[in-house]
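Report on the following structure.
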Amino acid sequence: MSDNNNSNKDNSQDLFFKVYRNVFLKNKIDNSFFVFNNKNSSTNVDAFFEDDEGHKIQKEFKQDKPSPYRRNKMRVNPSLQHLSLNNNNNDNNNNNNNNNNNNNNNNNNNNNNNEEKEIISNKFVLTNDSHNQVGSVFSKIKLPMDSDLLIKFTFKISKPQGDNVGADGFAFVIQSISDTQCSTRYSGGTTLGYHDIAKGDGCVAVEFDTYRNEDEQNDNHISIQGTNNKRGNLSSSNQFSIASAVPSFSMKDGFQHNVEISFNHNETSLSISVDSVQLLNNIHVPDLVGLKKAYFGFTSAAGYFHSKHSISYCEVLKQ
C-alpha cells in the first residue's frame with residue numbers, strides 16, 4: 001500500500017514539474033522572442049560575430065555547383081599504353097588503400113567541421129579598432145511591433161590609446177528596408193553607419209555618439225534620430241535629433257554598459273536607460289507611427305579616429 005502511495009506521489013510530482021516547466025518555457029519564449037546570434041542575424045561590410053575566445057566567426061557560404069567544364073583527355077602512344085595500364089592498376093590498388101584511410105580521416109574531419117558549424121555566438125563587433133570602418137548587424141527577419149517591447153543589450157567601446165581620441169560611436173536602428181542596410185565604407189564616421197537609410201514604412205536610430213562634430217553638443221551623448229524632412233531618409237545630423245541626453249560616464253571607457261530601450265506601442269514612444277539610470281522617458285517618435293514590422297539591428301562607423309564597438313548580447317522581449 002505504501003509503495004502505491006509513493007508511486008502516486010512520484011507521478012504527481014512528475015506531472016507538476018512537467019506542467020511547471022512547460023508554463024515556464026512558454027512564458028520565456030513568449031517574452032523573449034528574438035535573441036541576436038550568428039544564425040539569425042546578418043553582418044554587413046566590416047561587422048562580424050566573435051566566439052568566446054574573441055576569434056572571428058566566418059560567414060557560412062553555399063557550396064558552388066560543380067563546373068561543367070571537362071578536361072581534355074591526354075593522348076597516349078599505343079605502344080606504351082599497356083605499360084601505362086599496368087602501372088595504373090598498381091597505382092589504383094595503392095590509391096584504394098589510401099582512399100580508405102582518407103575516408104576514415106575525412107569522416108573524423110567532417111565530424112569536427114560539423115561541430116565548428118554548430119558554433120552559436122551572441123557577441124558581435126560592428127567596427128574594429130582601425131581606420132575607415134563601417135558595419136551593421138540586423139535581424140534576418142522583420143520583427144512585429146504590434147505590442148510593447150523591451151530591447152536589452154550590453155555594449156563595450158574600446159578605450160582610446162595614444163593620439164587616437166576614439167570615434168565615432170554606434171546606433172540601435174529600427175528600419176523596414178532590408179537586413180543589409182549600412183553606410184558605405186569611407187563615407188565617414190559621422191554617418192554612424194545608418195545615415196541615409198530610407199524611411200520606407202518607418203524608421204528610427206538611437207545613437208550612442210562618442211565624437212563631437214561641428215553641430216553637436218559634445219563627444220558623449222545619446223540621441224534619438226529621425227528622418228530628414230526633405231529627403232525622407234534617416235539622418236545623423238544633429239538638427240534631426242528628436243531628443244538627447246548626456247550620460248554621467250564616458251561611453252568609450254572600455255567597460256561594459258547595459259542598455260534598456262522600451263517601446264510603447266500605444267504612444268509610439270521610446271524610453272532609454274543606461275546602467276539602470278533613465279536618461280530619456282516616453283519620447284514620441286513620429287517616424288514609427290503605423291510601422292507594423294521592422295528589422296532590428298545596430299550600425300557603427302569610424303573615420304580617421306576609431307574604436308572597437310561590440311555588442312556582447314541583445315534580446316528583444318514583449319512586455
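Sequence positions, counted from 1, serve as the residue numbers for this chain.
Closest non-hydrogen pair, H284 versus P286, comes out as O-CD, 3.5 Å. Among all heavy-atom pairs drawn from P247 and H221, the shortest one is CD-CA, 4.2 Å. Across V246 and N220, no two heavy atoms sit closer than the pair CG1-O, 3.4 Å. Pairing each heavy atom of A302 with each of S130, the nearest pair is CB-O, 4.5 Å. The heavy-atom pair separating V165 from K252 by the smallest distance is O-NZ, 2.9 Å. Looking at every heavy atom in both residues, Q181 comes nearest to N44 through O-ND2, 4.2 Å.
No side-chain heavy atom of H195 sits under 4.5 Å from any side-chain heavy atom of T190. Residues N122 and V35 have side chains in contact (heavy-atom distance under 4.5 Å, counting atoms from C-beta outward). In this structure the side chain of F240 never reaches within 4.5 angstrom of the side chain of T227, judged on heavy atoms. Contact check for D51 versus S121: no side-chain heavy atoms found under the 4.5 Å cut-off. Between F172 and I311, every side-chain heavy-atom pair lies at or beyond the 4.5 Å cut-off. Between V285 and F263, every side-chain heavy-atom pair lies at or beyond the 4.5 Å cut-off. Taking the side chain as every heavy atom from C-beta outward, L291 and I174 approach each other to under 4.5 Å. A heavy-atom distance below 4.5 Å is found between the side chains of L270 and V206.
Counting non-hydrogen atoms of neighbouring residues, nucleotides and ligands closer than 6.0 angstrom, the NZ atom of K159 reaches no more than 12 such neighbours. Taking a 6.0 Å sphere around CG of D52, one finds it holds 12 or fewer heavy atoms contributed by other residues, nucleotides or ligands.
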Item to check | Evaluation steps, side-chain hydrogen bond (donor to acceptor under 3.5 Å, both in side chains), between S269 and N282 | outcome: CA-CA 5 Å; S269 64; N282 203 33; 2.4 Å; yes

Checklist entry - Could you go step by step and tell me if N258 and T154 meet the side-chain hydrogen bond (donor to acceptor under 3.5 Å, both in side chains) rule? => result CA-CA 5 Å; N258 300 313; T154 301; 2.7 Å; yes

Item to check | Verdict with supporting geometry, F153 and F36, ring-ring contact (aromatic ring centres under 6.0 Å, His included) | outcome: CA-CA 10 Å; F153 63 89; F36 282 79; 9.2 Å; no

Next on the checklist: With side-chain hydrogen bond (donor to acceptor under 3.5 Å, both in side chains) as the criterion, how do S236 and E207 come out once you've worked through the C-alpha distance, each side chain's angles and the decisive distance to 0.1 Å?
Outcome noted: CA-CA 8 Å; S236 59; E207 63 175 36; 5.5 Å; no

Next on the checklist: The test is side chain to side chain contact (heavy atoms under 4.5 Å, CB included); show your working for V204 and D287 and say whether it passes.
Outcome noted: CA-CA 7 Å; V204 70; D287 291 318; 5.7 Å; no

Checklist entry - side chain to side chain contact (heavy atoms under 4.5 Å, CB included) between T127 and D46: does it pass, once the steps are laid out? => result CA-CA 6 Å; T127 61; D46 295 315; 5.6 Å; no

Item to check | Audit row: V125, K56, side chain to side chain contact (heavy atoms under 4.5 Å, CB included) steps and yes/no | outcome: CA-CA 9 Å; V125 176; K56 181 178 180 179; over 6 Å; no

Next on the checklist: What verdict does the side chain to side chain contact (heavy atoms under 4.5 Å, CB included) test give for N264 and S271, after you've listed the backbone C-alpha separation in whole Å, the side-chain angles of each residue and the deciding distance to 0.1 Å?
Outcome noted: CA-CA 8 Å; N264 186 306; S271 299; over 6 Å; no

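Using a distance-only test at 3.5 Å, with no hydrogens or angles considered, no donor-acceptor pair links the side chain of Q256 to the main chain of K156. Remark: side-chain polar atoms of N164 are not paired, donor with acceptor, to backbone N or O of Q161 under 3.5 angstrom. Put simply, the side chain of N238 gets close to the backbone of D215: a donor and an acceptor are under 3.5 Å apart. Within the 3.5 Å criterion, the main-chain N or O of I141 finds no donor-acceptor partner in the side chain of K293.
At a threshold of 4.5 Å between side-chain heavy atoms, the hydrophobic network of Ile, Leu, Val, Met, Phe, Trp and Tyr places V259 and I224 in one connected group. At a threshold of 4.5 Å between side-chain heavy atoms, the hydrophobic network of Ile, Leu, Val, Met, Phe, Trp and Tyr places L143 and I151 in one connected group. Grouping the Ile, Leu, Val, Met, Phe, Trp and Tyr side chains by contacts below 4.5 angstrom, directly or via other members, places V137 apart from I177. Residues F305 and I157 do not share a hydrophobic cluster, defined by chaining ILVMFWY side chains whose heavy atoms lie under 4.5 Å apart. Taken together through direct or relayed side-chain contacts under 4.5 Å among Ile, Leu, Val, Met, Phe, Trp and Tyr, Y186 and Y304 form parts of separate hydrophobic clusters.
The CD atom of E315 sits 13.0 Å away from atom CZ of F296, with the distance rounded to the nearest 0.5 Å. For the atom pair E214 CD and S237 OG, the distance stands at 11.0 Å (nearest 0.5 Å). Between the CD atom in Q133 and the OG atom in S300 there is a gap of 9.0 Å [rounded to 0.5 Å]. Annotation: the span from I222 atom CD1 to S244 atom OG amounts to 9.5 Å, rounded to 0.5 Å. Interatomic distance, CD1 of I272 versus CD1 of I283, reported as 8.0 Å (0.5 Å rounding). The OG atom of S223 lies 12.0 Å from the CG atom of L279; values are rounded to the nearest 0.5 Å.
None of T299, L126, I197, V45 except one satisfies the side chain to side chain contact (heavy atoms under 4.5 Å, CB included) rule with C182; the exception is V45. Across F138, F298, F48, a single residue satisfies ring pair (Phe, Tyr, Trp, His ring centres under 6.0 Å) together with F124, and that is F298. The side chain to side chain contact (heavy atoms under 4.5 Å, CB included) with Y295 is formed by just one residue from the set S176, S139, S41; it is S139.
Under a 4.0 Å N-O distance rule, the pair D201/K292 does not qualify as a salt bridge. In summary, K308 and E50 engage in a salt bridge, as defined by a charged side-chain N under 4.0 Å from a carboxylate O. The residues R231 and D196 are annotated as salt-bridged, a charged nitrogen and a carboxylate oxygen being separated by less than 4.0 angstrom.
For F255 and F249, the gap between ring centers reaches or exceeds 6.0 Å.
Inspection of the H306 and D129 side chains reveals an N or O donor paired with an N or O acceptor under 3.5 Å.
For F155, the ring-ring contact (aromatic ring centres under 6.0 Å, His included) test picks out F170, F208, H257, with sequence neighbours left out.
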